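Structure first, commentary second.
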Amino acid sequence: MANNATIITDPDPIFGRLTLDSIPYHDPIILTTFLVAVMVGVGVVGAILYYGKLKYLWDEWLTSVDHKKIGIMYIIAAFIMLIRGFSDALLMRTQQVMAVSEVEGLGYLPPEHYDQIFTAHGVIMIFFVAMPLIVGLMNIVVPLQIGARDVAFPFLNSLSFWLFVVGTLLINASLYIGEFASTGWLAYPPLSGLEYSPWVGVDYWLWALQISGIGTLLSGVNFFVTIIRMRAPGMTLMKMPVFTWTSLCANVLIILAFPILTVTITLLTLDRYIGTHFFTNDFGGNQMMYVNLIWAWGHPEVYILILPAFGVFSEVTATFSRKRLFGYTSLVWATACIMFLSFIVWLHHFFTMGAGANVNAFFGIATMVISIPTGVKIFNWLFTMYKGRVVYDSPMWWTVAFLLVFTIGGMTGVMLAIPAANFVLHNSLFLVAHFHNVIIGGALFGYFAGLTYWFPKATGFKLDETLGKWACALWTVGFFFAFMPLYALGFMGMTRRLSYYDNPAWNTWLLIAGAGALIILSAICVQLYQIFASIRDRKQNRDVTGDPWNARTLEWMTASPPPFYNFAVLPTVHDRDEFHYQKENGLAYQIPERYKKIHMPKNTWAGIVIAGFSLIMGFAMVWHIWWMAIVGAVGMLVSYIVYTFERNKDYFVPVETVEKIENKRYERMQKQTNKDAFDNDEITAMPA
C-alpha cells in the first residue's frame, strides 16, 4: 500500500500512475483471460479486414442513427457482458464451494481478487446487462409501437449508445490494467475512499458509471420526448400499448433518478481527487448521506429495470391469449403508482442504520403498499389468460416462468419490508436470494420474453422455438437450484460477500447452488446456440408478413425487419390494439393510393467520435494522466462544436425509393400467400 500511496501523491507527468507493474501478468487467471481476449479481438478485426467489411460496418452500423440498429447493438453488447458477468458468478460460486475451512485464503481466489469479482459481477449485471437489454428493446420497439419514424433526437440516441460502450470498455480494461473496485457494487464510503482504496479500482468504477450513466440519462430524455411528442395521429395516452406506457414511466424514473447518481458519483470523485469531505466523518461529512443518495437512485433503478419487463409480459399475454388485455386502465394506473411510490421506499435497504422506529415504520409500510399495484398487474395477466385460447410459444413460456419465480421474490420482499425481520436478515444471503429472485425472475425473464417476441421484427426471422423452450426450462430450473439454497443459508446465518467460511453445514447448500449455476450456464449456451441455429436456418424461419404471432399492436404492421423509415404512410389510430382492429375490419395490408417523400436523419460520425474522446478522458482520469485527460475533454468539445456547424444532417427519401421498397414487400407477401394456398390445396387433395 505504501508504494501505491507514493504513486498517487507523485504521479509521473507523462504516464501518471500507469507503470508496467499495473499489468497483472503474474496472475495466471488474468493473464490467460487477457491472452484469450486479445486472440479473439485480433481474430475479429482480421476477419473484418479480410472480408472487406470495415466500410460496411462504419457506414451501416457504427455511424447509424437508425433506432432499430442501435437497439440491436445494445442487445449484442449486453449479451457479451452477460457472458463476462456470469463468468464472475461462476468464479464466486466455485470459490465458495472450495473455501470451507478455518484457514483464510483456502480456495483458488485470493481474497482481494474475490472482492473485485463480486463487485464487478454486480456492476456488470445491473449497469451493463440489464440496462442495455431494456434500452435496446425500447429502441427497437417504442418508435414502431407509437407509429413514429425514429426517435426525437437520433444523434443523441447514437451518442447515448456509444457512451454506454465506453463504460463497458473501462470496466473490461480494469481486468487487464490495474484492478477493479473491491468495495461492493455500490462502493460505500469509507471503503471507497482514498484511505481504504488508494489504488485505481474505485476510479474505474467512478468513471465507467459516470460516463455510461450520462448516456442513460440522455436516453431517458430522448424516449420521454419521443413518446410524448411523436405518437401517430389518433393515439391518445390511453390508446398507447402497455409496453410504451411502462417505457414512458421507466424513462421518467431515469430522468428523475439518474441525476442523483451523477451528483453522488461526482461528490465521491471530489472526495478522492481533491480531498473534499462529503462522505467522511471528518470536517462535517457524513457516510450515511452517501447511502441515502445512492439508494434514492438505487430503488427507482430497480423499477427502471422491472417496469418495461411488465410491459413485455402485457404484450405477450394479450397476443398469445388471443384476446384483449384485461384491465388496461387499472394496469396503466398501477404502473403510474409504482413509478411514484418507487421514490419513497429507498430506506428499506438500510433499516439497520438506526433512523428510528417512526422512519422505519413509514418506509416499511410504503414498501408493502408498492406491492399492491404489482399484484394488480399479476392478476391482470392471469385474467387475460383466463378463458383465452392460450398458445404456449416460447415467449409465453418465459411469461409463465416469470409468474412462478417473481411471485416468490415478491413475497420475500414483503418479508424484508418488516423492519424487525430485516434486522435479522439484512446482511445475509437471504437478501441476495431475494434480489436475484426479482431481477432474474422478473426483469431478465421479461427481457428474454421480449427478445424472443420481437426478434423476428428486428431481424426478419424467428428464433428456434424448441431451443427457446429448452433455454427457458433450464433457466427456471437453474434459478431454483442456484438461489433457493441461499434463502436457507440466510436463515442459517451466512452473511454476504464471504470468500471463505468455517461452517461445514453450509457447504452442502453451496454445492447445490453451484450446480444451479452450472444449469444456468447450460441455459446460456443453449441461448447462444439458438441464435446461431436460427441465423443458420433463417430461410425456414423467415417472417414474410411482418406479423408472425398474429399480434395486436402497430409495430407488426410493418415489414420484418422494418424499412429504415418504419412506415411508408403514418397510421391513423382508432383503437388501443390498432393492428388487431385493422385486421378485424379488413383494413390491414392495404396498398396506399400514393406515397410522399419522407424526411429522415443522416448517419453521423459524431456519436462514436465524441464517445471515443470520452474514453480517452475517462482512462486518463483513472490513471491521473492529466495531459491525456485534457486532450479527451477538448476533443469532445471540439467534436461537438464541429457537429453543430454541420448543415446536412437530414435528407428526404424520394417517393420512387419508397415505392420500390414497399412494392417489393407486397410482392413477397403475395408470393407467400400463393404458396400457402397451394400447400393447403395439396393437403386437401391428399387421399385419406
Side-chain angles (χ1 to χ4, degrees), residues 14 16 45 48-49 53-74 77 132 135 139 143 149-170 173 207-226 229-230 255 258-259 262 266 269 564-565 598-623 625-653:
I14 304 299
V45 173
I48 291 170
L49 295 176
K53 294 295 184 182
L54 186 60
K55 186 176 186 303
Y56 166 78
L57 283 174
W58 178 261
D59 291 341
E60 296 296 326
W61 291 91
L62 303 183
T63 60
S64 177
V65 294
D66 186 336
H67 66 94
K68 301 175 290 296
K69 290 183 176 179
I70 289 173
I72 291 170
M73 289 192 290
Y74 265 116
V135 175
N139 261 287
R149 292 202 167 106
D150 209 318
V151 293
F153 308 115
F155 158 67
L156 213 59
N157 203 20
S158 170
L159 179 61
S160 300
F161 169 72
W162 289 111
L163 290 176
F164 154 76
V165 170
V166 168
T168 68
L169 292 175
L170 287 173
W207 290 102
L209 265 61
Q210 189 72 288
I211 293 171
S212 64
I214 290 171
T216 303
L217 180 58
L218 296 178
S219 284
V221 173
N222 203 350
F223 279 99
F224 176 79
V225 176
T226 299
R229 300 292 300 167
M230 297 184 67
I255 293 168
F258 265 79
T262 302
T266 301
T269 303
F564 59 92
Y565 50 76
I598 298 173
H599 180 254
M600 294 297 294
K602 283 186 176 180
N603 287 0
T604 178
W605 53 269
I608 189 171
V609 171
I610 293 172
F613 280 114
S614 77
L615 175 62
I616 293 171
M617 188 195 74
F619 184 81
M621 292 299 294
V622 168
W623 290 99
I625 308 173
W626 306 124
W627 65 268
M628 186 186 292
I630 293 170
V631 168
V634 171
M636 284 192 291
L637 180 61
V638 171
S639 299
Y640 181 71
I641 291 172
V642 171
Y643 172 74
T644 60
F645 278 93
E646 284 188 358
R647 292 186 178 273
N648 298 321
K649 296 178 182 175
D650 46 19
Y651 69 106
F652 283 95
V653 183

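When a residue number appears, it is its place in the shown sequence, counting from 1. Quick note: numbers below take in every heavy atom, side chains included, and nothing from hydrogens, waters or symmetry partners. Note that this is a predicted model, so its numbers are computed, not measured.
Scanning all heavy atoms of the two residues, the minimum distance from Trp207 to Met617 falls at CZ3-CE, 4.0 Å. Contact record, Ser614 with Val166: OG-CG2, 3.6 Å, taken as the closest heavy-atom pair. When all heavy atoms of Ile616 and Met628 are compared, the pair lying nearest together is CG2-CG, 3.4 Å. Nearest heavy-atom pair across Ala152 and Val225 is CB-CG1, 3.7 Å.
For the atom pair CD1 of Ile608 and CG of Leu62, the computed distance is 4.5 Å after rounding to the nearest 0.5 Å. For the atom pair CD1 (Ile211) and CH2 (Trp162), the distance works out to 15.0 Å, reported to the nearest 0.5 Å. Here the OG1-CG distance, from Thr262 to Leu209, works out to 10.0 Å after rounding to the nearest 0.5 Å. Atom OG of residue Ser219 and atom CG of residue Leu159 lie 9.0 Å apart, to the nearest 0.5 angstrom. Interatomic distance, CZ of Phe564 versus NE2 of His67, reported as 12.0 Å (0.5 Å rounding). Once rounded to the nearest 0.5 Å, the distance linking CZ of Arg149 with CG of Asp66 reads 13.5 Å.
Under 3.5 Å, the side chains of Asp650 and His599 contain a donor-acceptor pair of N or O atoms. Judged by distance alone, the side chains of Gln210 and Thr266 do bring a donor and an acceptor atom under 3.5 Å apart. In the model, Trp605 has no side-chain atom that pairs as donor or acceptor with a side-chain atom of Tyr643 under 3.5 Å. With hydrogens and angles left out, the side-chain atoms of Asp59 and Asn603 include no donor and acceptor closer than 3.5 Å.
Few gaps surround OH on Tyr651; more than 12 heavy atoms of other groups in view lie less than 6.0 Å from it. Within a 6.0 Å sphere centred on CZ of Phe155, other residues, nucleotides and ligands contribute more than 12 heavy atoms. More than 12 non-hydrogen atoms from other residues, nucleotides or ligands lie less than 6.0 angstrom from NZ of Lys602.
Taking the side chain as every heavy atom from C-beta outward, Ile598 and Phe652 never approach each other to under 4.5 Å. Ile72 is listed as a side-chain neighbour of Trp61, based on a closest heavy-atom distance under 4.5 Å. Under the 4.5 Å side-chain criterion, counting only non-hydrogen atoms from C-beta, Phe258 is not in contact with Leu218. At a threshold of 4.5 Å between non-hydrogen side-chain atoms, the residues Pro259 and Leu217 count as touching. Proximity of Phe161 to Val135: side-chain heavy atoms (C-beta onward) are nowhere separated by under 4.5 Å. The shortest side-chain heavy-atom distance between Phe613 and Ser639 falls under the 4.5 Å cut-off. You'll find the side chain of Val65 stays beyond 4.5 Å of the side chain of Asn157, heavy atoms only.
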For this session: I would like to know whether Ser160 and Asn222 meet side-chain contact (heavy atoms from CB on, under 4.5 Å); could you show each step before the answer?
Result: CA-CA 10 Å; Ser160 300; Asn222 203 350; 5.6 Å; no
Exercise. Is there a side-chain contact (heavy atoms from CB on, under 4.5 Å) between Phe619 and Leu170 once you walk through the steps?
Worked result: CA-CA 7 Å; Phe619 184 81; Leu170 287 173; 4.2 Å; yes
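Put simply, the residue from Asp150, Val151, Leu156 that forms a side chain to side chain contact (heavy atoms under 4.5 Å, CB included) with Phe153 is Leu156.
Panel note: side chain Thr216, backbone Ser212; a donor-acceptor pair is recorded below 3.5 Å.
Ring pair Tyr74/Phe164 is tilted by interplanar angle, where 30° to 60° counts as tilted.
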